[in-house]
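Here's the structure, in structure tokens; my notes come after.
All residue numbers in this chain count up from 1 along the given sequence. In what follows, every heavy atom counts, from backbone to side chain, and hydrogens, waters and symmetry copies are set aside. For clarity, every value in this text was computed on a predicted model and none was experimentally measured.
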Amino acid sequence: AYTISGNFDIAASAFSATGTGTFTATAAGKSITATGSSLGKVKFNGTGGGWTLMSNLVMSSATLTAGAVTDNGKTVRVDGNLSVANVSGILTSTGIWEVSANATVSNANVGNILASFRVGTGTTVSLGGTLYTKRIIFGANSSMPARPNATLMIYQPTVDDFIDMGAGTSMAESIIVDNVASTVRTQKALTTTGELWVRNGSDSVLRMTGNWSVGNLYVHGAYTSDSEAETQVLDTNGYNLTVNGNLTVGNTTSSAYFGKVEFKNGTHRVTGNIKADTNATHGYIELGSGTILVNGNVDLRYATVRRQQSTVVLNGSTTQYVDSGTGAAVSVFHNLTHSGASTVTVSGSNLQIGSGLTLKSTAGTFNVNGKNLTASGLTVNGGTFTGGAGNVDVNGNVTIGGGTLTAPTGSFTVSGNWAKTGGTFTHSSGTVTFDSASQATQSLNSGGTDEGSRFYNITHAGSGTLQPATSHLALSGALATT
């Protein structure tokens, strides 16, 4: 063991310690130079002391409890535990702190942010609480397991690719990317099974430059973010985003904290729910031109949604609900597809779909649940479409290739063609109204005269001709024109 109350300045590789070295100075202005030496288990605990590193250092562990250490842009390699007390000002960092042996690390005070933290090759680092750093670098085959009440805090990152994962990295700890400056930051490929928060930026964009796979994902701005222009934006930038959990946009802490996600193109997967977080905040979601697969619920009541040219695929295995938002005055989906075995229930608001609704051969049930549905096409190739007590308005074609289309007991209007080549049509003792105002001929292929193809009432209210095609037409009720 050794104790240093002044400067520490030794020749290169001239010192090697295995015990504890304690730096006890109570005045500032001290320096440490120990190129190539191993300082052993180092403790800084001199109240009022100040040490500036003049060379790279190697330690078997490091504990900072009092005083002020300035790393001066140097690299500090710690072959064991690293602990920085939760007291602001103990560390000023512009260098790199590397842990190169399996260890526990903590640095819980925002006033002691590491400029860069590196996990050595093949090393497992566990967090003993919060670790504040501006950047983290994972060596090949390194890992950071999940620990209770622990968080990797990337605070005010000043460089792009502030999470740098080497080949074979295993990451499970929670990550918070906090207070991204009012600028554009980019982040390359990222994989973690832990949750990821992108938060507290205002008028700032985090842009993906590689595919991401994360646990629960939260995106929201700062306490001043109360308009779209002031949101924290996550831009997928054409790369694939996989969320193995829930995607939440906005934060209900107060009436601000707005967030925004731009899906753009690519293939995106959310295994849980998509939602904007309650009525105290707001989320903006641009669905882009790619495909978004969702296994959970879609709750857009507190969101502004731009459907663009997207396809949203509901592929859950049990139950899912879709709430498009109060009133649903505009279409929030372009293409909506149900491909999972789940029962999808329209909840809360009427549903408008800009292009079409498709039930795949693998689909379960799509239940409109007494709400009104407006779509530019309806295709049923499997599963069961249940119109319920609301109205269904199809401003395009109805195609039945498999499964069951159960008509609503409210109105059912079709402005395109009707083509049944398989499956079952259940008329619900209702009326199908063909009402095209622009199509010269509406084609009606009933699929046959059997009970699963039969209409109850048909009304032709269009300006052109309603033309039966391919199959004979059978009705249990009446045929009328208006």
Any [X] side-chain heavy atom under 4.5 Å of [Y] side chain:
{"X": "Val243", "Y": "Trp212", "answer": "no"}
{"X": "Thr459", "Y": "Thr482", "answer": "yes"}
{"X": "Arg199", "Y": "Tyr218", "answer": "no"}
{"X": "Ile163", "Y": "Thr192", "answer": "no"}
{"X": "Asn237", "Y": "Thr186", "answer": "no"}
{"X": "Thr242", "Y": "Asn211", "answer": "no"}

Say you draw a straight line from [atom1] of [X] to [atom2] of [Y]; how long is it, rounded to the nearest 0.5 Å?
{"X": "Thr236", "Y": "Phe263", "atom1": "OG1", "atom2": "CZ", "value": "7.5 Å"}
{"X": "Leu359", "Y": "Leu314", "atom1": "CG", "atom2": "CG", "value": "9.5 Å"}
{"X": "Met171", "Y": "Leu152", "atom1": "CE", "atom2": "CG", "value": "5.0 Å"}

Exercise: do [X] and [Y] side chains pair donor with acceptor under 3.5 Å:
{"X": "His220", "Y": "Ser225", "value": "no"}
{"X": "Ser436", "Y": "Gln442", "value": "no"}
{"X": "Gln467", "Y": "Ser443", "value": "no"}

Taking all non-hydrogen atoms of both residues, which atom of [X] and which atom of [Y] are closest, and how far apart?
{"X": "Lys260", "Y": "Val249", "value": "N-CG1, 3.7 Å"}
{"X": "Thr337", "Y": "Thr311", "value": "OG1-CG2, 4.0 Å"}
{"X": "Ser339", "Y": "Val313", "value": "OG-CG1, 3.2 Å"}
{"X": "Tyr257", "Y": "Thr281", "value": "O-OG1, 3.3 Å"}

On the 0 to 90° scale, with breaks at 30° and 60°, tag the [X]-[Y] ring pair as parallel, tilted or perpendicular.
{"X": "Phe425", "Y": "Phe455", "value": "tilted"}
{"X": "Trp418", "Y": "Phe434", "value": "perpendicular"}
{"X": "Tyr456", "Y": "His427", "value": "tilted"}

Checklist entry - Donor-acceptor pair, Asp393 side chain versus Thr374 backbone, under 3.5 Å? => result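 Looks like no, no N/O pair under 3.5 Å.
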Next on the checklist: Keeping His472 on the side-chain end and Ala469 on the backbone end, is there a donor-acceptor pair under 3.5 Å?
Outcome noted: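 No; zero donor-acceptor contacts below 3.5 Å.
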Checklist entry - Does the pair Ser471 and Asn445 meet the rule for a side-chain hydrogen bond (donor to acceptor under 3.5 Å, both in side chains), with working shown? => result CA-CA 6 Å; Ser471 301; Asn445 176 10; 3.1 Å; yes
Item to check | Residue list, salt bridge (Lys or Arg N to Asp or Glu O under 4.0 Å) with Lys275, at least two apart or on another chain | outcome: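 Applying salt bridge (Lys or Arg N to Asp or Glu O under 4.0 Å) to Lys275 gives Asp277.
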Checklist entry - Which residue pairs pass the salt bridge (Lys or Arg N to Asp or Glu O under 4.0 Å) test when at least one of the two sits in residues 126-155, sequence neighbours left out? => result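 Listed once each, the pairs are Arg135-Asp164.
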Checklist entry - Between Thr124 and Ser143, does a side-chain hydrogen bond (donor to acceptor under 3.5 Å, both in side chains) hold up when you go through it step by step? => result CA-CA 5 Å; Thr124 297; Ser143 63; 2.7 Å; yes
Next on the checklist: So if I apply the side chain to side chain contact (heavy atoms under 4.5 Å, CB included) rule between Asn295 and each of Asn244, Asn315, Thr318, which one comes out positive?
Outcome noted: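 Exactly one candidate clears the test, Asn315.
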Checklist entry - Does the pair Thr431 and Asn457 meet the rule for a side-chain hydrogen bond (donor to acceptor under 3.5 Å, both in side chains), with working shown? => result CA-CA 4 Å; Thr431 299; Asn457 296 324; 3.3 Å; yes
Item to check | Contacts of type side-chain hydrogen bond (donor to acceptor under 3.5 Å, both in side chains), residue Asn200, not counting sequence neighbours | outcome: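 Scan of Asn200 (side-chain hydrogen bond (donor to acceptor under 3.5 Å, both in side chains), adjacent residues dropped) gives Asp178.
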